[in-house]
Protein chains: 2
Amino acid sequence: MTFDPDAEIQHDGPITPYRQLADIIRARIARGDWASGQRIATEKDLVQEYGLARSTVRRAIAVLVDDGDVYTVPQRGSYVAEKPESDS
Amino acid sequence: MTFDPDAEIQHDGPITPYRQLADIIRARIARGDWASGQRIATEKDLVQEYGLARSTVRRAIAVLVDDGDVYTVPQRGSYVAEKPESDS
DNA sequence: TCTGATTTGTCCGTATGTATG
DNA sequence: TCATACATACGGACAAATCAG
């Protein structure tokens, strides 16, 4: 993935490929590429689509898991988490 | 690397280890140790070969990058830049 | 049941980037 | 300048579980 210093979403830390990929996946979920409960792209697919190392892809997914956006099932894949609706 | 006040190549500023190393690398490129487009020695190797701190080696490489003699690819290494021939 | 393909889990080695004292 | 530590990233290898046939 091309390093994009003009990426729209900013973070606390430096803009890095794994953070950018995490944002991209989040955006794709929001856009409806994958519905709630559905499996997202495999690590292998993400590696091929974005030209990143698998370790980097895994780090991006780890961010999403940490944020509660997705969850991973060993040997199965990562799925879009069902998030509670915001009442605010 | 031993500080050498009698180094042949002179500079605008004071003679320092990182400037001397930059000169050495330049000379090695000119000599053909590394061809155009090829990766030069890693920072680690240069540290071991010349007995310098890594930060000093990095400063030397930064000089070469600044001069357009080499370019660095994150997580990959530094490469000999393809320089346009001088017609003057 | 067996087999092979798929997919995530883990570990290793290499290399540069950044920060601190 | 030096020494050290940690972060980031790439690439490879192998293990383990799952699933389709």
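Close to D:dA13, at under 4.0 Å from its OP1 or OP2, lies no side-chain N or O of A:R54. For D:dT8, the OP1/OP2 oxygens have a side-chain nitrogen or oxygen of A:Y18 closer than 4.0 Å.
Between B:V57 and A:R76, the residue anchored closer to the 5' end of DNA chain D is B:V57, taking for each the nucleotide with the nearest heavy atom. Across the interface with DNA chain D, nearest-nucleotide mapping of A:Q75 and A:S55 shows A:S55 to be the residue nearer the 5′ end.
For the pair B:V70/B:V65, a side-chain contact is recorded, criterion being any heavy-atom separation below 4.5 Å from C-beta on. Within the 4.5 Å cutoff, the side chain of A:Y79 has heavy atoms near those of the A:V73 side chain.
Here D:dT18 presents its P atom at 11 Å from OH of A:Y79, a figure rounded to the nearest Å. The NZ atom of A:K44 sits 15 Å away from the P atom of D:dA13 (whole-angstrom rounding). As a whole-Å value, the separation of B:E43 CD from D:dT4 P is 17 Å. Put simply, CD1 on B:I15 is 13 Å from P on D:dT1, counting in whole angstrom units.
Residue A:T56 is in sugar-phosphate contact alone, with no base atom involved, counting any heavy-atom pair closer than 4.0 Å across all strands shown. Within the nucleic acid shown, A:T42 comes within 4.0 Å of sugar-phosphate atoms alone, with no base atom in reach, counting heavy atoms only. At the heavy-atom level, B:R59 lies under 4.0 Å from the strands shown only through sugar-phosphate atoms.
The closest donor-acceptor contact from the side chain of B:R76 to the backbone of B:R39 lies at 3.5 Å or more, if one exists at all.
Note that the first and last nucleotides of DNA chain C, 5' to 3', having any atom under 4.0 angstrom from a heavy atom of chain B are C:dA15 to C:dT18.
Between B:L52 atom CG and B:R59 atom CZ the span is 11.5 Å, to the nearest 0.5 Å. The structure places CD1 of A:I40 at 5.0 Å from CD1 of A:I25, a figure rounded to the nearest 0.5 Å.
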